[in-house]
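Report on one structure; see the data block that follows.
In what follows, chains are A, B, ... by sequence order, proteins preceding strands, each numbered from 1. This one's a predicted model, so the numbers in the text were calculated from it and none came from an experiment.
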Amino acid sequence: MKSEPNVYSIDDLKKEKRACWDGVRNYQARNFMRDEMKIGDLVLYYHSNAKPPGVVGIAEVCREGYPDHTALDPKDPHYDPKSSKDNPTWMMVDLKFVEKFAEMVTLDKLKATASLEGMLVTRRGQRLSVQPVESKHFKVVRKLGAG
DNA sequence: GCCAACGTTGGC
DNA sequence: GCCAACGTTGGC
């Protein structure tokens with residue numbers, strides 16, 4: 001899962017222990033949160049729009065897909081008039097902090113690591129903020145992050 | 001700040 | 001249903 005560190009970084013999650021992943025307004029990303037992510041699933045936490053961008057740690061799903069309340073609040077920047085309480089368009093999950101890597105795994109490093117070939121985030125033009133990670137890739141990234 | 005990639009919107 | 005225009009993401 002991607003987050004811009006100046007909006008919500010791994011350090012913010014570490015401090016707050018837990019966060020609801022609101023504000024996602026992309027159907028594919030929503031579908032992953034709604035349909036795929038289960039309690040206990042581990043998540044690579046990726047800093048986008050960062051210098052450098054890369055994976056900075058691990059979080060864990062601690063609540064499964066439920067309606068994103070920020071879509072229902074007209075005062076919220078993520079408000080979506082198409083969404084309603086009875087028929088919510090947008091869903092989110094809750095994450096809890098697991099670990100911050102000793103060493104961040106930069107996008108450059110991901111791209112340069114042969115065993116991560118094919119990992120979605122390394123693909124050019126890949127903008128999805130929530131995307132699946134193969135377990136073999138997850139293990140490699142975690143190992144790299146351990147330093 | 002630039003711009004490629006790509007999702008969404010809306011006219012037709 | 002097509003597609004041009006537009007907006008956003010996010011690396012560089």
Side-chain angles (χ1 to χ4, degrees), chain A residues 1-16 18-37 41-61 64-95 97-147:
Chain A
M1 297 177 98
K2 299 181 187 175
S3 183
E4 300 192 23
N6 58 348
V7 176
Y8 199 82
S9 72
I10 186 92
D11 292 318
D12 293 323
L13 183 63
K14 184 175 184 178
K15 191 163 45 180
E16 295 179 5
R18 180 181 175 130
C20 53
W21 210 253
D22 59 33
V24 174
R25 297 294 177 267
N26 170 285
Y27 287 101
Q28 247 185 301
R30 178 209 61 186
N31 293 349
F32 284 124
M33 293 198 289
R34 185 189 59 188
D35 305 332
E36 309 291 341
M37 299 177 68
D41 284 353
L42 297 180
V43 170
L44 295 179
Y45 200 106
Y46 180 93
H47 279 175
S48 62
N49 252 324
K51 288 180 185 177
V55 182
V56 289
I58 292 175
E60 179 182 329
V61 177
E64 293 176 11
Y66 66 107
D68 180 345
H69 55 82
T70 65
L72 306 173
D73 176 1
K75 292 189 296 292
D76 193 282
H78 296 298
Y79 175 61
D80 180 358
K82 291 192 301 298
S83 190
S84 67
K85 201 174 177 188
D86 292 335
N87 190 15
T89 307
W90 302 112
M91 311 287 276
M92 60 188 180
V93 296
D94 286 358
L95 296 184
F97 177 80
V98 173
E99 68 187 48
K100 181 179 176 179
F101 285 163
E103 201 175 305
M104 94 175 275
V105 185
T106 64
L107 181 58
D108 277 350
K109 182 80 179 171
L110 295 175
K111 287 177 173 174
T113 303
S115 52
L116 294 176
E117 198 177 346
M119 193 177 176
L120 282 181
V121 77
T122 63
R123 287 224 309 241
R124 182 176 143 90
Q126 178 52 263
R127 303 185 311 164
L128 257 193
S129 63
V130 181
Q131 53 183 253
V133 175
E134 291 177 44
S135 92
K136 62 178 181 185
H137 290 163
F138 183 95
K139 286 173 191 157
V140 172
V141 174
R142 188 174 212 174
K143 202 165 191 175
L144 289 172

Within this structure, what is the [atom1]-to-[atom2] distance between [X] and [N], rounded to whole angstrom?
X	N	atom1	atom2	value
A:Asp80	B:dT9	CG	P	8 Å
A:Leu128	C:dT9	CG	P	12 Å
A:Leu120	C:dT9	CG	P	19 Å
A:Leu110	C:dC12	CG	C1'	16 Å
A:Gln131	C:dG10	CD	P	9 Å
A:Lys111	C:dG10	NZ	P	13 Å

Quick one: does [X]'s side chain have a donor or acceptor within less than 3.5 Å of a partner on [Y]'s backbone?
X	Y	value
A:Arg30	A:Thr89	yes
A:Asp22	A:Met92	no
A:Gln131	A:Val133	no

*What about A:Trp90 and A:Tyr27, are their ring centers closer than 6.0 Å?*
yes
Between protein and nucleotides 6-8 of chain B, what N or O pairs are separated by less than 3.5 Å?
residue, atom, partner, partner atom, Å
B:dC6, O2, A:Arg127, NH1, 3.1
B:dC6, O2, A:Arg127, NH2, 2.8
B:dG7, O4', A:Arg127, NH2, 3.3

*Assess the side chains of A:Thr70 and A:Arg25: does a donor N or O sit below 3.5 Å from an acceptor N or O?*
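A pair is found: one side chain offers a donor N or O, the other an acceptor, under 3.5 Å apart.
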*asked:* Can you see whether A:Glu16 engages A:Tyr8 through a side-chain donor-acceptor pair at a distance of less than 3.5 angstrom?
replied: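 Note: A:Glu16 and A:Tyr8 side chains meet the donor-acceptor criterion.
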*C:dG11 phosphate, OP1 or OP2: any side-chain N/O from A:Tyr46 under 4.0 angstrom?*
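So the side chain of A:Tyr46 is within the cut-off, an N or O lying under 4.0 Å from OP1 or OP2 of C:dG11.
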*Does A:Lys2 put a side-chain nitrogen or oxygen below 4.0 Å from OP1 or OP2 of C:dT9?*
no
